[in-house]
Every structure is written in structure tokens, then in C-alpha cells.
Amino acid sequence: MMDYLDIKQQLQACRSKEDTFKTLVTLSKSLSRLSAEEKTEEHKVKGCESSVWLIVEERQGLRYFKADSDAKLMRGVLLAILSLVDGKNTNDLQKMDLTHQLTELNLSSYLTSSRSNGVLGILKRIQA
């Protein structure tokens with residue numbers, strides 16, 4: 001998993017929507033793909049414009065996440081989200097202001113209203 005600060009630095013260095021898009025697509029290549037068996041209805045996140053799957057595993061009180069999407073842009077967004085939350089305990093996750101932290105990544109201009117709804121669905125599932 002890439003480091004959140006590294007991802008933040010790359011995204012904040014973007015000077016245009018096109019730069020942000022290219023960076024997200026490049027970042028998306030770092031996100032491990034889910035197998036066909038893992039892409040079940042149970043793992044599918046409702047409300048997303050593209051298909052998104054999120055798997056949460058708990059080990060020794062910490063939560064670990066795997067995610068995938070059929071859209072490269074969304075895979076880049078997922079990588080950014082997972083870099084923030086992977087390996088944290090439930091209490092820490094619930095205290096995090098994930099929406100604010102994503103705003104710091106300059107993604108707001110990139111998230112259409114339907115994409116934003118999908119991202120909010122992902123964040124709610126992570127913090128549940």
C-alpha cells in the first residue's frame with residue numbers, strides 16, 4: 001500500500017484537472033486487483049457511478065481493506081482512501097474526518113455529484 005503522504009504530495013502538486021486525472025490513473029495501477037470470486041454483491045458498494053467492491057478484514061483489532069473498481073479514476077481514489085484507513089482500529093476510524101482529508105487531496109473538482117455519493121458510501125462503510 002502506498003503511503004498517504006506520498007499520495008497527498010503527488011495530488012497537491014497537480015496544477016490542472018488533467019494533471020489530477022493522469023495522477024489518479026497512474027496511482028490506480030498500484031492498487032491490487034480483486035479476484036472474480038471477491039467481486040460479489042455482498043462486497044459491492046451501492047450508490048457508485050462505477051462498480052466498486054470493498055472488502056473489510058479484521059485482524060487483532062485492526063481493520064484492513066481491499067477494494068477494486070471497473071473505473072481507473074475510481075481505483076486511484078480508492079487507493080488514496082485506503083492509504084488513510086488501512087491498519088487502523090475501529091475507534092480511530094470512527095474519529096477520522098475522512099471527507100476533510102480527501103478535500104486536502106484536491107479531489108473535489110474531480111468528484112461529480114454521483115461520484116461523490118459513491119465516495120460517501122465507501123467512507124460510511126469503512127467507518128461502520
Visitor: Should Gln94 and Thr90 count as side-chain neighbours, where that means a heavy-atom distance under 4.5 Å?
Guide: yes
Visitor: What about Phe65 and Leu62, same hydrophobic cluster or not, with Ile/Leu/Val/Met/Phe/Trp/Tyr joined at side-chain heavy-atom distances under 4.5 Å?
Guide: no
Visitor: Are Leu24 and Leu11 close enough that some pair of their side-chain heavy atoms sits under 4.5 Å apart?
Guide: yes
Visitor: Does Leu31 share a hydrophobic cluster with Trp53, counting links as ILVMFWY side-chain heavy atoms below 4.5 Å and allowing steps through other members?
Guide: no
Visitor: Could you check if a side-chain atom of Asp6 sits within less than 4.5 angstrom of a side-chain atom of Gln10, using non-hydrogen atoms only?
Guide: yes
Visitor: CD of Gln101 to CG of Asp97: how many Å apart, nearest 0.5 Å?
Guide: 7.0 Å
Visitor: Would you compute the distance between atom CG of Leu105 and atom OG1 of Thr20 and round it to the nearest 0.5 angstrom?
Guide: 10.5 Å
Visitor: Answer yes if Tyr64 and Leu34 sit in the same cluster of Ile, Leu, Val, Met, Phe, Trp and Tyr residues linked by side chain heavy atoms under 4.5 Å apart, and no otherwise.
Guide: no
Visitor: Just do the side chain to side chain contact (heavy atoms under 4.5 Å, CB included) check on Lys72 and Ser28 with the steps written out, would you?
Guide: CA-CA 6 Å; Lys72 287 180 184 173; Ser28 76; 4.1 Å; yes
Visitor: Do Arg125 and Val52 have side chains that approach each other closer than 4.5 Å (heavy atoms only, starting at C-beta)?
Guide: no
Visitor: So, taking the atom named CZ in Arg75 and the one named NZ in Lys29, what distance separates them when rounded to the nearest 0.5 Å?
Guide: 10.5 Å
Visitor: Going by the rule side-chain hydrogen bond (donor to acceptor under 3.5 Å, both in side chains), which residues pair with Lys66 if we only count those two or more places apart in sequence or in a different chain?
Guide: Glu38
Visitor: If only atom types and distance count, is the side chain of Ser51 paired as donor or acceptor with the main-chain N or O of Ser69 below 3.5 Å?
Guide: no
Visitor: More than 12 heavy atoms of other residues, nucleotides or ligands under 6.0 Å from CD of Glu104: is that the case?
Guide: yes
Visitor: Identify whether Leu93 and Ile81 are in the same connected component of the hydrophobic contact network (ILVMFWY, side-chain heavy atoms under 4.5 Å).
Guide: yes
Visitor: Of all heavy-atom pairs between Thr103 and Thr99, which one has the smallest distance, and what is that distance?
Guide: OG1-O, 2.9 Å
Visitor: Partners of Arg33 by salt bridge (Lys or Arg N to Asp or Glu O under 4.0 Å), sequence neighbours excluded?
Guide: Asp68
Visitor: Working to the nearest 0.5 Å, report the span between CG of Asn89 and CD of Glu58.
Guide: 9.0 Å
Visitor: Is there a path of hydrophobic side-chain contacts, each under 4.5 Å between heavy atoms, that joins Leu98 and Leu82?
Guide: yes
Visitor: Where do Glu57 and Arg59 come nearest, in terms of heavy atoms and distance?
Guide: OE1-NH1, 3.0 Å
Visitor: Excluding sequence neighbours, so at least two apart, what forms side-chain hydrogen bond (donor to acceptor under 3.5 Å, both in side chains) with Arg63?
Guide: none
Visitor: If you measure from CG on Leu84 to CG on Leu102, what distance do you get to the nearest 0.5 Å?
Guide: 6.0 Å
Visitor: With the side chain counted from C-beta on, respond yes when Lys46 and Glu41 share a heavy-atom pair under 4.5 Å apart, and no when they do not.
Guide: yes
Visitor: Nearest 0.5 Å please: distance from the CG atom of Asp19 over to the NZ atom of Lys22.
Guide: 6.5 Å
